[in-house]
Amino acid sequence: MNSEQKGFDEGLSEIKKDVEAKVKKSVVVPEYLTGQSKIYFRCYPGIGCFTKCCSGTRILLSPYDIYALKKRLGMTYNEFLATYTQQSFIDNTPLPITILKMKNDETKSCPFVTAEGCTVYADRPLTCRYYPVGMGIMKQFDKGTGTNFFIKIKEDHCLGHNEAKAWAIDEWRADQGSTVYDEINNDWMEVVLKAKTLGMVEFSQKSLSLFFMVSSNLDAFRKFVFESNFLNAYEIEPEVVKRIKEDEIELLKFSLSWLRFTMYGEGDFKVKEEARKTARERLIAEREEQARLERERSHREPD
Ligand code: SF4
Ligand code: SF4
């Protein structure tokens with residue numbers, strides 16, 4: 001088995017586990033698909049299975065999903081998160097994430113579905129837009145990186161696959177309005193896909209908390225930037241500060257590129273020398289304190 005096939009098989013097996021945990025009965029078609037690959041699919045009000053895909057499912061919310069939904073519903077981030085979501089983890093990683101909370105009754109349906117369809121359709125999450133397509137990552141074992149691929153999800157109840165309408169996957173994504181979401185979420189997706197490539201590696205508690213805050217709550221990130229030492233720690237152009245103060249989408253994009261920088265050192269953020277020095281001194285002091293505590297503990301322990 002060559003390393004490309006091994007990467008695809010491994011990526012596929014992970015996405016199968018992801019999908020099987022999310023849906024009642026599914027078939028992940030074991031085919032490596034690109035943006036140019038064709039699928040045959042159509043979904044419309046009146047199809048026999050209408051809204052069957054909107055219950056008993058796991059809808060992971062990306063940062064732009066949360067922004068679009070809370071804006072549509074006229075809520076703050078805290079209000080939206082408390083009312084409609086719960087915490088989970090991104091499969092095969094230790095990264096905490098927000099998912100839609102399904103109704104706690106026998107229907108287990110999405111809080112936004114009615115017999116007439118999705119009540120937040122224009123702002124539905126990315127997972128709903130992509131369906132029946134999923135995205136996977138093909139690991140490149142020799143390089144420790146990965147590239148994206150697509151898969152087709154075929155659930156027994158979904159009749160859309162019997163339709164004759166053909167789409168290239170990229171056409172499907174554009175038709176569903178996914179490309180805007182993908183563009184805005186791009187840095188976040190890079191962080192997630194990289195974490196999936198690395199698997200269950202250890203992240204510090206601080207990194208996990210920052211990941212969760214940036215992924216789910218832009219109001220909290222705004223406070224973090226404007227009410228902490230953040231702006232003294234980084235060299236940020238005054239016009240960028242003005243933009244992120246006045247424009248929520250700019251703040252969202254900024255938060256995701258900063259997340260990528262802080263988790264993987266990727267991107268062009270510059271830490272001020274003074275802040276670097278303070279961080280170094282704090283690290284040394286923490287290590288010294290740790291060593292002192294360990295010495296004390298070893299003195300107290302009986303031989
Ligand atoms: S958000 Fe809309 S499309 Fe997505 S599961 Fe809920 S009702 Fe269905
Ligand atoms: S065709 Fe598939 S995606 Fe569309 S409503 Fe039916 S089950 Fe859901």
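One-based numbering, in listed order, for ligands and for the atoms of each.
The proximity of C53 to ligand 1, defined as any non-hydrogen pair under 4.0 Å, does not occur for either the backbone or the side chain.
If you run side-chain hydrogen bond (donor to acceptor under 3.5 Å, both in side chains) between E248 and each of K253, K71, R222, only R222 comes through. Checked options E296, E288, Q290; the residue passing with R292 is E296 (criterion: side-chain hydrogen bond (donor to acceptor under 3.5 Å, both in side chains)).
Remark: the backbone N or O of K108 is not paired with any side-chain donor or acceptor of S55 at under 3.5 angstrom. Although no hydrogens or angles enter the test, the distance criterion places no donor-acceptor pair under 3.5 Å between the side chain of T57 and the main chain of C54.
Of all atoms in ligand 2, listed by their number and element, those nearer than 4.0 Å to a heavy atom of F50 are 5 (S). Using a 4.0 Å cut-off to heavy atoms of P125, the atoms of ligand 1 that qualify are 1 (S). Those atoms of ligand 2 that come under 4.0 Å of a heavy atom in Y131, given as number and element, are 3 (S). The H157 neighbourhood of ligand 2 comprises atoms 7 (S), with distances under 4.0 Å to a heavy atom of that residue.
In terms of protein heavy-atom proximity, atom 1 (S) of ligand 2 is nearest to C49 SG, 3.3 Å. Remark: minimum distance from atom 2 (Fe) of ligand 1 to any protein heavy atom is reached at C118 SG, 2.3 Å. Looking from atom 6 (Fe) of ligand 1 to the surrounding protein, the closest heavy atom is C110 SG, 2.3 Å. For atom 4 (Fe) of ligand 2, the nearest non-hydrogen atom of the protein is C43 SG, 2.4 Å. If you check which protein heavy atom lies closest to atom 7 (S) of ligand 1, you get V113 CB, 3.5 Å. Looking only at protein heavy atoms, the nearest one to atom 8 (Fe) of ligand 1 is C54 SG, 2.3 Å.
Aromatic rings of Y64 and Y67 (six-membered ring for Trp) have centroids within the 6.0 Å cut-off, being under it. Checked against the 6.0 Å centroid criterion, the rings of W258 and F224 qualify as a close aromatic pair.
Counted within 6.0 Å of CG on N232, heavy atoms from surrounding residues, nucleotides or ligands total more than 12; the atom is thus considered enclosed.
With hydrogens and angles left out, the side-chain atoms of Q176 and Y181 include no donor and acceptor closer than 3.5 Å.
One of the N, O or S atoms belonging to C128 lies under 2.8 Å away from atom 4 (Fe) of ligand 1.
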